[in-house]
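In what follows, a structure is listed as structure tokens, so that the remarks can point back to it.
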Amino acid sequence: TMDGTTGNCPNFSYADTHQLNTVNIVGSSISFVATFATIALVLVTKSYLVFVHRLTAYLAVPVCLFSFALLLHIGAIRVSEDRVTYDKVFCTASGFLAQYFTWVEAIIALWINVYVFELTFLRVHFARRKHEVAGIVLSIFLPLFLSWEPIVQNVYGPAGAWCWIKVGGDNCTTDSGLYYQIGLYYGPLLLLSVLNIVEVLGVTAKLCVGAYRTEGNLQRYHITAIKEVVPIFIYPVIFFLTFLFGLCHRISSALLLINGKHQIMAMWVTFVLLVSIKGVYLPVAFMLHPHIRTRLKCNKRTHFVNINGPARNNYSSLGTTHEYSGTDICTSQTHYVVPKQSVGSHTPLVIKSGT
């Protein structure tokens with residue numbers, strides 16, 4: 001219950017509540033640092049110049065703030081030897097922010113899926129600027145609709161060993177919170193999870209079949225696409241799989257409660273750990289992208305350059321007195337380059353001028 005009174009509706013002991021709260025805080029702290037590091041990597045490598053990596057940055061922000069919402073449990077829940085107390089302001093804020101940023105994550109994950117789908121099946125880009133603006137606006141304002149109503153109805157509060165949409169009232173009686181959980185969280189996210197699974201399977205099948213059945217440039221296209229798509233898909237897949245695990249766990253724990261049996265603490269600890277620490281997967285997925293690995297390996301002084309000209313495949317045929325424009329693979333900027341004097345073909349180029 002709230003404001004210093006005792007009670008714990010899901011029948012957790014004080015020791016269990018302390019254990020789950022500790023796992024939650026430790027996991028969310030690690031996730032917060034990991035997602036903050038991802039944002040820093042995007043800035044340092046200037047990956048925000050590429051649309052797909054901007055999507056990663058857009059995703060890292062709500063994941064980082066979701067971790068912050070979980071860290072508010074430090075002030076929201078206090079466990080002593082004989083009782084658990086909840087601070088109403090911190091608990092309401094934590095529950096609202098967790099609900100809001102979970103939905104921001106879900107919409108951006110869906111946005112990533114749409115992007116991969118259009119590249120794989122349509123091989124076209126929608127109007128990039130309009131697409132991006134629409135995605136940002138939708139990911140900011142739609143979650144408000146899915147998160148604000150519980151505040152109006154005052155149903156954010158203690159929900160087990162953390163703060164969210166509470167299912168029990170102050171006297172542990174069932175109230176409208178269960179309907180809000182199903183209508184504003186479990187139901188819509190279940191639909192998105194099913195769509196995500198179908199799309200991942202479809203994209204994977206198309207690219208793998210293409211890589212197996214085609215030859216030459218088309219085969220190389222499919223193999224390259226697989227290497228680029230897999231890192232992009234990692235976080236959305238983990239996000240929805242974590243949700244599905246949580247849904248199954250929620251159903252099983254409800255059945256145990258109905259039948260008067262004890263909760264399985266190992267399952268609760270696993271669930272809390274998976275939810276709180278999920279941000280660590282984001283920098284891993286980001287670093288696995290071949291474009292990012294290339295940028296991190298770049299030498300700041302001498303770069304290989306993709307030549308824009310007729311002598312693209314025969315560096316030795318370029319005269320030493322002529323300059324050619326090229327794109328720096330490390331910075332995506334255009335430079336004027338001249339071949340370095342040496343014997344043989346495929347001579348590396350050095351930057352003569354540029355930033």
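- The CZ atom of Phe101 sits 4.0 Å away from the CG atom of Leu65 when rounded to the nearest 0.5 Å.
- Within the 4.5 Å cutoff, the side chain of Phe36 has no heavy atoms near those of the Val33 side chain.
- Annotation: side chain of Ile140 is in contact with side chain of Tyr100 (closest heavy-atom distance under 4.5 Å).
- The shortest non-hydrogen separation linking Cys91 to Gly157 is SG-C, 3.6 Å.
- Remark: Leu43 CG to Thr38 OG1 distance equals 11.0 Å, nearest 0.5 Å.
- Considering all non-hydrogen atoms of both residues, Ala109 and Phe240 come closest at CB-CE1, 4.0 Å.
- Between atom CG of residue Leu184 and atom OG of residue Ser147 there is a gap of 8.0 Å, rounded to the nearest 0.5 Å.
- Cluster membership check: Ile151 shares its hydrophobic cluster with Phe141, using side-chain heavy-atom separations under 4.5 Å among Ile, Leu, Val, Met, Phe, Trp and Tyr.
- Judged by distance alone, the side chain of Ser28 and the main-chain N or O of Ile25 form a donor-acceptor pair under 3.5 Å.
- Residues Leu190 and Leu244 are in side-chain contact: their nearest non-hydrogen atoms beyond the backbone lie under 4.5 Å apart.
- For His249, the NE2 atom sits in a packed shell: over 12 heavy atoms of surrounding residues, nucleotides or ligands are nearer than 6.0 Å.
- In this pair, Trp164 and Tyr186 present their aromatic rings perpendicular. The plane angle is above 60°, beyond the 30 to 60° band.
- The CG atom of Leu70 sits 10.0 Å away from the CG atom of Leu97 when rounded to the nearest 0.5 Å.
- The hydrophobic clustering, which links ILVMFWY residues whose side-chain heavy atoms are closer than 4.5 Å, places Val44 and Phe286 apart.
- Put simply, the side chain of Phe96 reaches to within 4.5 Å of the side chain of Trp148, judged on heavy atoms.
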### Message
Checking Trp103 against Leu144 for the side-chain contact (heavy atoms from CB on, under 4.5 Å) test, could you report, in this order, the C-alpha distance in whole Å, the side-chain angles of both residues, the deciding distance, and whether it holds?
### Response
CA-CA 9 Å; Trp103 269 109; Leu144 284 176; over 6 Å; no
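- Residues Leu192 and Phe243 are not in side-chain contact: their nearest non-hydrogen atoms beyond the backbone lie 4.5 Å or more apart.
- Contact between Ala76 and Cys163 at its shortest, heavy atoms only, is CB-SG, 3.9 Å.
- Of all heavy-atom pairs between Leu59 and Glu105, the closest is CD1-O, 3.9 Å.
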### Task
Might you work through the side-chain contact (heavy atoms from CB on, under 4.5 Å) test for Ile108 and Val104, ending with a clear yes or no?
CA-CA 6 Å; Ile108 297 178; Val104 176; 3.9 Å; yes
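- Looking at Pro143 and Ile107, their side chains come closer than 4.5 Å, going by heavy atoms from C-beta outward.
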### Query
So Ser253 and Phe271, side-chain contact (heavy atoms from CB on, under 4.5 Å) or not? Walk me through it.
CA-CA 12 Å; Ser253 63; Phe271 168 66; over 6 Å; no
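- Using a 4.5 Å cut-off between side-chain heavy atoms of Ile, Leu, Val, Met, Phe, Trp and Tyr, with links allowed through other members, Ile234 and Phe239 fall into the same hydrophobic cluster.
- The closest side-chain heavy-atom distance from Glu149 to Val155 is not below 4.5 Å.
- Taking every heavy atom of both residues into account, Tyr235 and Val63 meet most closely at OH-CG2, 3.3 Å.
- Ser139 places a side-chain N or O within 3.5 Å of a backbone atom of Gly135 that can act as its donor or acceptor partner.
- Taking the six-membered ring where the residue is Trp, the centroids of Phe51 and Tyr115 are separated by under 6.0 Å.
- Residues Asn21 and Trp162 are not in side-chain contact: their nearest non-hydrogen atoms beyond the backbone lie 4.5 Å or more apart.
- Both cation-pi conditions hold for Lys278 and Phe66: the charged atom is under 6.0 angstrom from the six-membered ring centre and inside a 45 degree cone around its axis.
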### Query
After noting the C-alpha distance and the side-chain angles of Trp268 and Gln19, does the key distance pass the side-chain contact (heavy atoms from CB on, under 4.5 Å) rule?
CA-CA 10 Å; Trp268 279 101; Gln19 180 183 7; over 6 Å; no
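- Residues Ser276 and Val23 approach most closely at OG-O, 3.8 Å, considering heavy atoms.
- Within the model, atoms CD of Gln181 and CZ of Arg250 stand 5.5 Å from one another, a figure rounded to the nearest 0.5 Å.
- Separating the CD1 atom in Ile136 from the CG atom in Leu138 is a distance of 11.0 Å, to the nearest 0.5 Å.
- Grouping the Ile, Leu, Val, Met, Phe, Trp and Tyr side chains by contacts below 4.5 angstrom, directly or via other members, places Val137 with Phe145.
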